[in-house]
Amino acid sequence: MGIKVTKFGGSSLADANQIRKVQNILASDPTRRYMVPSAPGKRFKDDDKITDLLYKCHDIATTGKKIDSVFEQIRTRYLQIAEQLGVTLDVSAELDTIYERISAGEKKDYAASRGEYLNGKIIASALGWDFVDAAEVIRFNQKGIFDAELTNQLMADELAKHEYAIIPGFYGSRPDGTIKTFSRGGSDITGSIVARAVGAELYENWTDVSGFMVVDPRIVDDPKTIHTITYRELRELSYMGATVLHEDAIFPVSSCGIPINIRNTNIPEAEGTMIVSKVKESRNLSNVTGIAGKKNFTVIHLEKDMMNVERGFGRKVLTVLEENNISFEHLPTGIDNMSLVVSDKELDGKADKVIADIKARVTPDIVELQTGMALIAVVGRAMVHSFGTAGKVFSALGDAGINVRMIDQGSSELNIIVGVDNDCFEKAINVIYNAFFN
Ligand code: ASP
């Protein structure tokens, strides 16, 4: 029988009550053999995540002050969870060690990783499963770059010894034994690494939503859920701001075709969203899978007569960006003009220098900054085969009186990207959603 790897997010493990739901989910399917926990997350809107409190403790310790008042919140939460679950583990002793080491100046990543570490230990104790410390099986090199192959080997060898095990998310170690974490939300990556190492038939990622929505529910009321999405579509949508799964969590499983199922711990009967490598296309597919977007981009617009015959013009302009350590998002061009779309964050504090450098390098007739643009990506694998998708996007925007400032269709034909004024962002997303899904 195939193996399922599960990962539970912070809200699924925020207190004993949530952890009991997780216990039931695991107990209902014996093929769910390896589980990756996050640290306890928020129990209610203004609650603190344990990881945030641990970072706070580290910051306080570096100023030489006592961490007691913040650490007390961490202690209380874990002790309450452990007591309510009736675990036999000596949680106080574990907390004392963490307290001592953070107070003694342990590094930031060590502090942050203890959220997952201790949660993993408590859950392992509650379930009677083995605990496998991620520091032993997830490896980074000394520079902090993740070592996928060594990790895969160590993880596979170790998990072969355990029928049921908990592997805490978010961290691993360097060759010298120091702890290194992934970026925030990185337990998703750990789950994916475990799934690859054990050759899982499915990686279940349990969270507090019933899958991916077609569009951000903060922008569109009660949007539809995506039933099936490909890794590539998901990558396009995550890049454009759709969150739920860590961006890097796709790679370990996509390379070996293990599907990811996003599920809701609070509504376990909901099917959630399946993320797969390929989908058998059916005739009646809606040709759009999802819509996502981000605000705050600037267009660096250049014009120069006869630009099209000047060899190396584009390269020189891009070199200016590279030298200023700026990456660009899009590069729409005309015969005698060229636009570079750059996020405001990238350009922050560098705009004057970039303009001066471009003037010096390619002497354009015009170079100007057009600010306040939002980008919206309309993503769908079936777009390649269907007519009229772009037409529908632009009619919807035109009918709503929204001016399109930029258009870019990726050569993969997986997406259509439009630029609109920041002010029109929400309205534009709503009208595009309605055009395809209502
Ligand atoms: N606890 C970590 C965070 O809050 C990692 C995770 O939950 O995936 O970012």
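Every number for a ligand or one of its atoms is a count from 1 in the order of the listing. Hydrogens, waters and symmetry mates play no part in the numbers below; they use all other heavy atoms, side chains included. Residue numbers start at 1 and run along the sequence shown.
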- Query: Taking 4.0 angstrom as the limit, do Asp48 and Lys42 come out as a salt bridge?
  - Reply: no

- Would you confirm whether the ring centroid of Tyr203 sits within less than 6.0 angstrom of the ring centroid of Tyr34? no

- Message: Tell me which one of Arg232, Arg235, Glu233 satisfies side chain to side chain contact (heavy atoms under 4.5 Å, CB included) with Val379.
- Response: Glu233

- Take every heavy atom of Gly169, measure it against each atom of ligand 1, and state whether any distance is under 4.0 Å. no

- Item | Stacked cation flag Arg139 on Phe146, 6.0 angstrom / 45 deg | no

- List the closest protein heavy-atom neighbour of atom 7 (O) of ligand 1: residue, atom name, distance to the nearest 0.1 Å. Ser38 OG, 3.0 Å

- salt_bridge(Asp109, Lys107) N-O dist < 4.0 Å: no

- May I ask you to decide whether Arg196 forms a salt bridge with Glu149, counting only side-chain N to carboxylate O separations under 4.0 Å? yes

- Task: Output yes when the distance from some N or O of ligand 1 to some N or O of Ser187 is under 3.5 Å, and no in every other case.
- Result: yes

- Will you find, in the side chains of Glu94 and Tyr117, an N or O donor that is under 3.5 Å from an N or O acceptor? yes

- Message: Tell me whether ligand 1 is touched by Gly185 - counting only heavy atoms on the residue side and a distance under 4.0 Å.
- Response: yes

- Query: When you measure from atom 5 (C) of ligand 1 to every protein heavy atom, which one gives the shortest distance, and what is it?
  - Reply: Glu116 OE2, 3.3 Å

- Message: Below 3.5 Å, N or O to N or O, backbone or side chain included: is there any such pair between Lys7 and ligand 1?
- Response: no

- Message: Tell me whether Asp188 has any N or O atom under 3.5 angstrom from an N or O of ligand 1.
- Response: no

- Message: What protein heavy atom lies closest to atom 3 (C) of ligand 1? Include the residue and the distance to one decimal.
- Response: Arg184 NE, 3.3 Å

- Mode of His246 contact toward ligand 1 - side chain, backbone, both, neither (heavy atoms, under 4.0 Å): neither

